[in-house]
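Throughout, a chain's letter reflects where its sequence line sits, starting with A, and its residues are numbered from 1. Everything numeric in this text was worked out from a predicted model, so none of it was measured.
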There are 2 protein chains.
Amino acid sequence: MTHEQPSDQHRYHHGDLENTLRSVAADLIAERGVAGFSLREVARRAGVSHAAPGHHFGDASGLLTAVAIEAFTHLREATSAAIEGVDDPSDRLAMLARAYVEVATTNPGHCAVAFRHDLLNNDDPALLAAGDQAFAVLSDVVQHVADTVNPDLDVINTSRLCWSSMQGLIELHPSMTVVSKHRGEAAPPPIGDLAEIMARQAYAGFEP
Amino acid sequence: MTHEQPSDQHRYHHGDLENTLRSVAADLIAERGVAGFSLREVARRAGVSHAAPGHHFGDASGLLTAVAIEAFTHLREATSAAIEGVDDPSDRLAMLARAYVEVATTNPGHCAVAFRHDLLNNDDPALLAAGDQAFAVLSDVVQHVADTVNPDLDVINTSRLCWSSMQGLIELHPSMTVVSKHRGEAAPPPIGDLAEIMARQAYAGFEP
DNA sequence: ATCTAATCTTGGCAGTGTCAAGATAGAGTG
DNA sequence: CACTCTATCTTGACACTGCCAAGATTAGAT
């Protein structure tokens with residue numbers, strides 16, 4: 001991905017600036033973190049003037065919202081692909097958890113902004129729809145547990161538990177590594193493995 | 001808390017500027033979010049010059065690290081107080097979970113920066129120690145489950161599951177409200193209640 | 001009483017988001 | 001083809017930010 005024009009170096013009209021800016025923004029955030037993100041740096045990397053992003057996305061939160069929408073789309077695609085053909089309800093949950101955290105670490109730029117309500121336009125209908133569709137995949141998997149194993153399961157709150165666990169793991173995995181090192185314990189497993197372990201542990205419960 | 005001198009309005013030496021700045025910073029973040037935080041605004045609200053915070057904390061991440069340390073201290077105090085005198089392992093976990101999320105919502109400014117590795121000085125020994133001590137309370141509660149109910153429990157990874165669930169809930173509760181509204185479902189319970197529900201659900205497992 | 005070091009201020013530089021106004025070019029109409 | 005219209009992008013400006021260096025002020029020790 002070069003974000004450049006094919007032949008003519010400096011056409012006045014870029015042609016596909018909107019997608020380019022979104023892609024460059026995600027890369028920039030992945031590289032320097034949310035704090036290192038700036039509209040002007042995005043514009044520089046895309047080879048356009050410093051005010052061009054503002055024209056397409058209104059302001060910084062507009063561009064970040066576009067990145068977040070893409071994040072939810074990735075999330076939905078990866079999780080629904082991961083549970084394809086998996087029937088056992090516990091396995092389904094484990095596969096979904098692994099896919100969830102791995103797509104987040106594969107696309108760190110997207111993931112870093114997806115739930116940052118302080119940076120996004122939370123009223124954006126496209127954002128709401130994308131988030132809803134991503135959550136629906138998880139909700140269906142938990143519903144599948146209820147249908148096949150436990151009709152008394154509190155589906156909605158169990159879905160919230162699973163969602164929180166996965167999202168919390170993404171946020172805390174660096175801290176877990178730091179804490180383990182500080183206590184002289186072994187480092188935590190890779191995030192995908194740990195997601196699967198946690199999903200199975202929650203599914204099985206804490207009692208024998 | 002006025003952040004002002006008692007008698008003399010403008011003494012050159014503030015007297016307790018370090019604590020004042022930390023307190024003002026937490027208030028500011030609670031009010032405007034992390035994005036609305038700035039060293040200069042903190043200085044203005046504390047009634048000192050724009051470079052005074054830099055003298056005490058080096059840079060922005062230094063001040064935010066101090067806020068994060070205070071966050072972990074609050075977390076440790078609240079959680080260890082919440083499990084005082086509670087013996088049943090499931091109840092202990094539920095009480096801890098409730099206390100965890102409620103202290104985070106009571107001190108939103110502190111909570112918003114506690115795990116923001118991109119904004120903090122992650123090598124700060126005081127930060128490491130404070131985080132470690134907060135995690136120890138949770139780890140002990142899970143160990144208590146192993147000791148009294150299930151000696152085969154994977155204590156460390158179950159602790160990580162609980163920690164992720166609570167932290168994820170804090171991050172996602174606003175999104176849960178939005179998603180529920182968008183799907184026409186009932187709003188999620190208050191965050192403290194939901195934390196307790198989730199803790200008991202994980203403890204009991206998903207099967208009947 | 002004097003010296004020293006900590007504390008805080010002032011001034012300045014480079015960088016930022018956002019706005020308004022202007023320049024450019026594509027698309028459609030006669 | 002000439003023409004206008006509109007979306008796209010640039011330029012310039014303003015107020016704001018973090019951070020650094022140098023100076024002013026004061027507390028505390030000698």
Side-chain angles (χ1 to χ4, degrees), chain A residues 3-25 28-29 31-68 113 116 118-121 124, chain B residues 3-25 27-29 31-68 113 116 118-121:
Chain A
H3 314 308
E4 288 294 332
Q5 282 303 309
S7 56
D8 196 351
Q9 195 84 4
H10 282 301
R11 291 161 49 173
Y12 199 97
H13 279 40
H14 182 283
D16 190 26
L17 186 53
E18 198 157 320
N19 286 325
T20 298
L21 290 172
R22 189 168 45 220
S23 165
V24 169
L28 175 59
I29 295 168
E31 185 183 323
R32 298 193 191 172
V34 184
F37 163 87
S38 83
L39 285 182
R40 290 173 109 105
E41 177 64 19
V42 169
R44 263 189 299 268
R45 294 191 179 198
V48 292
S49 77
H50 67 260
H55 174 72
H56 283 276
F57 296 99
D59 56 0
S61 67
L63 176 50
L64 293 176
T65 299
V67 174
V113 302
R116 292 292 303 279
D118 53 335
L119 301 179
L120 304 179
N121 297 328
D124 188 317
Chain B
H3 313 309
E4 289 294 333
Q5 282 302 311
S7 55
D8 195 351
Q9 196 84 2
H10 283 304
R11 292 162 48 172
Y12 199 97
H13 280 42
H14 181 284
D16 191 27
L17 185 54
E18 198 157 320
N19 286 325
T20 299
L21 290 173
R22 189 168 46 220
S23 166
V24 168
D27 291 350
L28 175 59
I29 295 168
E31 187 183 322
R32 299 196 191 169
V34 184
F37 164 86
S38 82
L39 285 181
R40 288 172 112 107
E41 178 63 20
V42 169
R44 265 189 297 268
R45 295 192 178 196
V48 293
S49 76
H50 67 260
H55 174 71
H56 282 278
F57 296 98
D59 57 0
S61 67
L63 175 51
L64 293 176
T65 299
V67 173
V113 302
R116 293 292 302 278
D118 54 335
L119 301 178
L120 305 180
N121 297 327

In whole Å, what is the span from the [atom1] atom of [X] to the [atom2] atom of [N]?
{"X": "A/His56", "N": "D/dT10", "atom1": "NE2", "atom2": "P", "result": "9 Å"}
{"X": "B/Phe57", "N": "D/dC19", "atom1": "CZ", "atom2": "P", "result": "13 Å"}
{"X": "B/Asp59", "N": "D/dA21", "atom1": "CG", "atom2": "C1'", "result": "16 Å"}
{"X": "B/Glu41", "N": "D/dG18", "atom1": "CD", "atom2": "C1'", "result": "14 Å"}
{"X": "A/Arg44", "N": "C/dG17", "atom1": "CZ", "atom2": "C1'", "result": "13 Å"}
{"X": "A/Leu64", "N": "C/dG17", "atom1": "CG", "atom2": "C1'", "result": "12 Å"}
{"X": "A/Leu21", "N": "C/dG17", "atom1": "CG", "atom2": "P", "result": "13 Å"}
{"X": "A/Leu17", "N": "C/dA25", "atom1": "CG", "atom2": "C1'", "result": "15 Å"}

Only one of A/Val113, A/Leu64, A/Val67 forms a side-chain contact (heavy atoms from CB on, under 4.5 Å) with A/Phe37, so which one is it?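 Per the side-chain contact (heavy atoms from CB on, under 4.5 Å) rule, the option paired with A/Phe37 is A/Leu64, out of A/Val113, A/Leu64, A/Val67.
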I'd like a table of atom pairs between the protein and nucleotides 11-15 of chain D - only N or O on both sides, under 3.5 Å - with the distance next to each one.
from: D/dG12; atom 1: O6; to: A/His50; atom 2: NE2; distance (Å): 2.8

Listed partners of A/Asn19 passing side chain to side chain donor-acceptor pair (under 3.5 Å), at least two apart
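Side chain to side chain donor-acceptor pair (under 3.5 Å) check on A/Asn19 returns A/Asp16, A/Arg22.
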Of the listed nucleotides C/dT7, D/dT10, C/dT16, the one nearest the side chain of A/Val48:
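It is D/dT10.
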- Which nucleotide, D/dC9, C/dC8, C/dT16, lies nearest any side-chain atom of B/His55?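 Output: C/dC8.
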Euclidean distance, A/Asp59 CG relative to A/Asn121 CG, rounded to 0.5 Å:
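Interatomic distance, A/Asn121 CG to A/Asp59 CG, rounded to 0.5 Å: 6.0 Å.
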| request: Enter the distance from B/Leu120:CG to B/Ser61:OG here, rounded to the nearest 0.5 Å. | output: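 Going from CG on B/Leu120 over to OG on B/Ser61, the span is 7.5 Å.
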Problem - For B/Glu41, all residues meeting salt bridge (charged side-chain N to carboxylate O under 4.0 Å, His left out), sequence neighbours excluded - result: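 B/Glu41 satisfies salt bridge (charged side-chain N to carboxylate O under 4.0 Å, His left out) with B/Arg32, B/Arg44, B/Arg45 only.
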**Prompt:** Shortest non-hydrogen contact from A/Leu28 to A/Val42?
**Reply:**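 Nearest heavy atoms, A/Leu28 then A/Val42: CD2-CG2, 3.7 Å.
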